[in-house]
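Bear in mind the structure is a predicted one, so any value in this text is a computation, not a measurement. When reading the values below, keep in mind they use all heavy atoms of this one structure, side chains included, and skip hydrogens, waters and symmetry mates.
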Amino acid sequence: MGQIKVTKAPIEGLLIIEPTVHDDGRGYFMETYNQRDMAEAGLNMVFVQDNQSMSTKGVLRGLHFQKQYPQGKLVRVIRGCVFDVAVDMREDSPTYGQWHGEELSEENRKQFYIPEGFAHGFLVLSDVAEFCYKCTDFYHPNDEGGLAWNDPDIGIEWPGVLIDYDGTAKANASCMADGTRLNISEKDQKWPGINEYREGFFN
């Protein structure tokens with residue numbers, strides 16, 4: 001019954017997946033995941049864990065990855081709106097260090113597939129957002145890695161965020177154009193830039 005539309009993002013491996021939505025006067029119905037439809041589209045990843053989070057406007061989570069047990073993630077938003085970002089960390093990739101972002105919302109119902117080898121993060125643009133994602137490997141708490149969300153060597157253009165670069169490896173704390181302060185965990189404020197990571201920060 002499902003059927004999906006799969007669009008390749010500019011960075012190889014990143015995919016935007018749009019399910020078929022059946023609307024009528026009562027509301028709508030859609031299949032959020034159908035293994036057969038995915039396989040017919042050439043997508044044979046196996047998911048082992050589902051996660052869900054709730055965040056308020058200005059929360060920025062990331063950029064996260066697992067070092068020894070990398071996860072592929074199929075992410076979507078069921079309430080509100082976020083700007084979702086993936087950074088290519090595959091050292092043999094011609095797009096190493098490049099990023100791609102997608103706006104995911106309850107209205108557009110897009111899903112974003114981020115394969116193993118990418119760092120991932122998102123910024124909440126709405127008052128509240130509920131974020132769901134499927135993972136191809138389990139969470140390993142001692143295997144966490146991350147990159148600085150504001151690393152100028154990556155240069156992510158977070159929508160509506162005013163960034164004051166001071167000429168060092170990282171930018172100063174920032175806010176959104178409407179005055180909302182970014183809400184970033186203490187841990188996420190301490191991740192290195194991609195060049196520091198490449199030079200062996202975690203070795």
> Could you see if Ile114 belongs to whatever hydrophobic cluster contains Leu15? Use Ile, Leu, Val, Met, Phe, Trp, Tyr and a side-chain cutoff under 4.5 Å.
no
> I'd like to know if Tyr113 and Val75 are part of one continuous hydrophobic network [Ile/Leu/Val/Met/Phe/Trp/Tyr, side-chain heavy atoms within less than 4.5 Å].
no
> For a side-chain hydrogen bond (donor to acceptor under 3.5 Å, both in side chains) with Thr136, tell me which candidate from Glu116, Lys73, Gln71 qualifies.
Glu116
> Scan Leu60, Leu125, Val77 and name whichever one has a side chain to side chain contact (heavy atoms under 4.5 Å, CB included) with Val82.
Val77
> After noting the C-alpha distance and the side-chain angles of Glu144 and Lys67, does the key distance pass the salt bridge (Lys or Arg N to Asp or Glu O under 4.0 Å) rule?
CA-CA 6 Å; Glu144 292 181 322; Lys67 295 173 285 183; over 6 Å; no
> What pair of heavy atoms forms the shortest contact from Gly80 to Glu107, and how long is it?
O-OE1, 4.4 Å
> Would Glu103 and Cys81 satisfy side chain to side chain contact (heavy atoms under 4.5 Å, CB included), going step by step from the backbone distance to the final call?
CA-CA 7 Å; Glu103 187 172 296; Cys81 180; 3.4 Å; yes
> Hey, are the side chains of Leu147 and Met89 touching, using non-hydrogen atoms and a 4.5 Å cut-off?
yes
> NE2 of His120 to CG of Asp84: how many Å apart, nearest 0.5 Å?
3.5 Å
> Has Glu91 got more than 12 heavy atoms of other residues, nucleotides or ligands less than 6.0 Å from its CD?
yes
> Do Lys110 and Glu102 sit within salt-bridge range, that is, some charged N less than 4.0 Å from a carboxylate O?
yes
> Take atom CD of Glu12 as the centre, draw a 6.0 Å sphere, and report whether it contains more than 12 heavy atoms from other residues, nucleotides or ligands.
no
> Just say parallel, tilted or perpendicular for the rings of Phe131 and Phe122, cut-offs at 30° and 60°.
parallel
> Any salt bridge between Asp88 and Arg90, counting N to O under 4.0 Å?
yes
> Give me each pair satisfying ring-ring contact (aromatic ring centres under 6.0 Å, His included) with a member in residues 70-94, each pair once, sequence neighbours excluded.
none
> Under the rule for ring-ring contact (aromatic ring centres under 6.0 Å, His included), what residues qualify as partners of Phe118, not counting sequence neighbours?
none
> Is it true that Val6 and Leu14 fall in one hydrophobic cluster, defined by side-chain heavy atoms closer than 4.5 Å?
no
> Applying ring-ring contact (aromatic ring centres under 6.0 Å, His included) to Tyr133 and Phe112, what does each step give before you reach the verdict?
CA-CA 9 Å; Tyr133 56 106; Phe112 188 24; over 10 Å; no
> How long is the span from the CG atom in Leu74 to the SG atom in Cys135, to the nearest 0.5 Å?
9.5 Å
> Any heavy-atom pair between the side chains of Ile156 and Leu63 that's under 4.5 Å?
yes
> Take atom CD of Gln52 as the centre, draw a 6.0 Å sphere, and report whether it contains more than 12 heavy atoms from other residues, nucleotides or ligands.
yes
> Applying salt bridge (Lys or Arg N to Asp or Glu O under 4.0 Å), which residue pairs with at least one partner in residues 121-140 are found, sequence neighbours left out?
Asp50-Lys134, Arg79-Glu130
> Tell me whether the rings of Tyr69 and His140 are parallel (<30°), tilted (30 to 60°) or perpendicular (>60°).
parallel
> Just wondering, are more than 12 heavy atoms of other shown residues or ligands nearer than 6.0 Å to CD in Gln35?
no
> Checking ring-ring contact (aromatic ring centres under 6.0 Å, His included) between Tyr197 and each of Trp191, Phe65, Tyr96, which is the one that passes?
Phe65
